[in-house]
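Naming: A, B, ... by sequence-line order, numbering from 1 per chain.
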Number of protein chains: 2
Amino acid sequence: MLEMNKRRITSKELAKLAGVSSATISRAFSPDSRIGSATRDRILAVAREYGYQPNAIARSLNNQRSRLVALVVNAIGNPCEAEEQQLLVHRLQERQLLPIILCCADHDDRLQLMRLASTYQVDHVVVFSDMVSMQDAVDIFHTTKPIIVSFEPLDNEKVSSIRIDGSAAADEIIDKIVGDGKKRFAYLSGTKSSWIDKLRRKWFVDALAKRGLGLQAEAFGDYSYDSGFKEAVLLLHRAKVDAIICGNDVMAIGARDAARRVLGKNTPDDIAIVGQDGIAMAAWDCNDLTTLSLDHVAFIDAVVELIERHDAELEGPHSITLTCTARWGSTA
Amino acid sequence: MLEMNKRRITSKELAKLAGVSSATISRAFSPDSRIGSATRDRILAVAREYGYQPNAIARSLNNQRSRLVALVVNAIGNPCEAEEQQLLVHRLQERQLLPIILCCADHDDRLQLMRLASTYQVDHVVVFSDMVSMQDAVDIFHTTKPIIVSFEPLDNEKVSSIRIDGSAAADEIIDKIVGDGKKRFAYLSGTKSSWIDKLRRKWFVDALAKRGLGLQAEAFGDYSYDSGFKEAVLLLHRAKVDAIICGNDVMAIGARDAARRVLGKNTPDDIAIVGQDGIAMAAWDCNDLTTLSLDHVAFIDAVVELIERHDAELEGPHSITLTCTARWGSTA
DNA sequence: ATGCATTGTGCAAACGGTTACACAAACACA
DNA sequence: TGTGTTTGTGTAACCGTTTGCACAATGCAT
């Protein structure tokens, strides 16, 4: 049983116990370094006995490599991001990389936070949030390996990006809805300043335009269920629409509830409702949402690929494009 | 504009630029250290100019204080934890503490992961997951400040804990359901090995026992919507019950959907369904769940209080007890 | 003028590892 | 037996800070 409250043993102390120098201890813990296998085994045995583990902080200082990854996210609870976050965290951990979560609603706080994380010499930065200016991120993390950003492209030697293309899927969805006889569309955006939201909106607006249609009404929420509910109520009172395209799935669920509960309109007959993201909850029986969805696994695969590319010093930022697909539910 | 790809400037280099020693640089960045205010101002100005920020890794090595906090969680996406995680992350960040997320389903991986995090000399450990043995956690993190564990009590000088008491609320809920004429109860557990799940189950079993009732049937899920749905179907085919108490809200939503969709039974008339956690989604119009809920803010307040207690070296582990309340919805 | 706190700064030794370099021992080959 | 390569280990410098100690300069009371 290890003693409590005792300082962790250092390599120098272990060296004395094993009758070697601290350099040899270090080598015993570095996979491919010149060391006799007998010595290594003996050291590892003694290390286990005394509970020795190399201090990652000291190691990082020397290596210039912290194995820390900053994850900049909008929110942790939000299901649209959570599934991806979860996946990414697992993939990082498999690679012995530790994720530091930076999560902050307020703009200035976010900058402060990124500055703080940058002092920890993180090896990589993944920006999931489209609320942070890439230029700010680059300025703050200019000493790390390239930054990976989910969406917003920025022409900079430090930024690798993942582009999302949902235009084809939006086209299919609009096609179906128009085929069902709907004509009066509304778009319910996420946050106003969101880059990705503008992009998503464009896919649908373009798809409508192809058919000579436009938006009859528009509103802005904040990606939350409550905002979806509230804005849908206002929207439906304000304008006569028979289809609402929402900025994400959670707002779509809110809008669906609002239509049903407050206006007595049911999907898909009275009104069509479309989400975006393709989160698991969208497929739940009680929701069964029609949604423009992105393959989360493919997305995270892409992020991991970019990280590995950076790790391998195959620098030069890179860009990967992913295509969305439609998930057909009973709401449109 | 800062130059790209350039090594971060060090305190020694900045010292040269400012015409002082690196010790003085350090003092300029330490709030209460003996330094002339003129010198400090000059240094901060030069630092800003060259984009200097003290290297937190080096600082941690020296200080024996990393300002890193390990958060051991079951999953990131799971809404029951996500709300708390989100809150805690914010509170930590306010205190300039950076959270490292450890998230892992598999038992052995989890131990590996905790060992990895422990090499980063985290200052605090918060265990949100009831899937990890506290004894393992203590063995691994025996050099950090006391561990904070959400639920499972362990009599150890390194463990502070937060106890949850839901017995009174369970009593109220059972009272209401029995008053509505229901008699045949089932309990749908979360994971089998979960400590907290056993506790929650006990609250309800005790409340039933008080009224001379027992469980007619029982099943085990994994806290997910899908498992709630599937297990409820099996359960309702297997046994005649008119009330299902679920281990968390998400399973309750799954069970409600299963009852309605597969069996054609509606809440609360045909069957009563109760959740636990009190997540935001439970209050959504489409769910409106009756649930035994915990005040997340109070919970995180308690966690933060324990962390500050440890930080202030008012050591000695401490224990805080929180009481759950009932949230009344239309499902029971 | 003298002594004595007080204040501001530099020097150098930590903190706990890694690694370039040096060197001895072991082995190869003629 | 000597030369050359390989292998395993130790020495010491370094990674970028913090901080105890020493010391000069300043202020203040005699």
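Between the C1' atom of D:dT17 and the CD1 atom of B:I9 lies a distance of 15 Å, rounded to the nearest Å. Between the CZ atom of B:R65 and the P atom of C:dG16 there is a distance of 16 Å, rounded to whole Å. A:N55 places its CG atom 9 Å from the P atom of C:dT18, with the value rounded to the nearest Å. Look at CZ on B:R59: it is 16 Å from C1' on D:dC15, rounded to the nearest Å. At whole-Å resolution of the value, OH in A:Y120 and P in D:dC15 are 21 Å apart. Atoms CD1 (A:I25) and P (C:dT19) sit 16 Å apart, rounded to a whole Å. For the pair B:I43 CD1 and C:dT9 C1', the interatomic distance rounds to 10 Å; values are reported in whole Å. Rounded to a whole Å, the CG atom of A:N63 is 12 Å from the P atom of D:dG16.
Counting only distance, with no hydrogens or angles, the side chain of A:E308 and the backbone of A:V303 share no donor-acceptor pair below 3.5 Å. A donor-acceptor contact shorter than 3.5 Å is absent between the side chain of A:S26 and the backbone of A:S22. The closest donor-acceptor contact from the side chain of A:H142 to the backbone of A:D139 lies under 3.5 Å. At distances below 3.5 Å, not a single donor-acceptor pair connects side-chain atoms of A:R27 with backbone N or O atoms of A:I35. For the pair A:T10 (side chain) and A:E13 (backbone), a donor-acceptor distance under 3.5 Å is present. With B:H90 contributing its side chain and A:C103 its backbone, the two residues share a donor-acceptor pair below 3.5 Å.
Under 4.0 Å is where a charged nitrogen must lie from a carboxylate oxygen, and between A:R95 and A:D311 no such pair does.
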Show me the protein contacts with nucleotides 10-14 of chain C, counting only N or O atoms at under 3.5 Å.
residue: C:dG10; atom: OP1; partner: B:S21; partner atom: N; Å: 3.4
residue: C:dG10; atom: OP2; partner: B:S21; partner atom: N; Å: 2.8
residue: C:dG10; atom: OP2; partner: B:S21; partner atom: OG; Å: 3.0
residue: C:dG10; atom: OP2; partner: B:T24; partner atom: OG1; Å: 2.5
residue: C:dG10; atom: N7; partner: B:R27; partner atom: NH2; Å: 2.7
residue: C:dG10; atom: O6; partner: B:R27; partner atom: NH2; Å: 3.4

Distances under 3.5 Å between protein N/O atoms and the N/O atoms of nucleotides 5-8 of chain C, please, pair by pair.
residue: C:dG8; atom: N7; partner: B:R34; partner atom: NE; Å: 3.4
residue: C:dG8; atom: N7; partner: B:R34; partner atom: NH2; Å: 3.0
residue: C:dG8; atom: O6; partner: B:R34; partner atom: NH2; Å: 2.7

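For the pair B:L61 and B:R42, nearest-nucleotide mapping onto DNA chain C gives the more 5' position to B:R42.
Residue contacts shown for A:T10 are limited to sugar-phosphate atoms, with no base heavy atom under 4.0 Å away. As judged by a 4.0 angstrom heavy-atom cut-off over every strand, A:F29 is placed among residues making no nucleic acid contact.
Looking at B:S129 and B:V73, their side chains never come closer than 4.5 Å, going by heavy atoms from C-beta outward.
Under 4.0 angstrom from either OP1 or OP2 of D:dC15 there lies no side-chain N or O belonging to A:Q121.
By the 30° and 60° cut-offs, the orientation of the rings of B:H124 relative to B:H310 is parallel.
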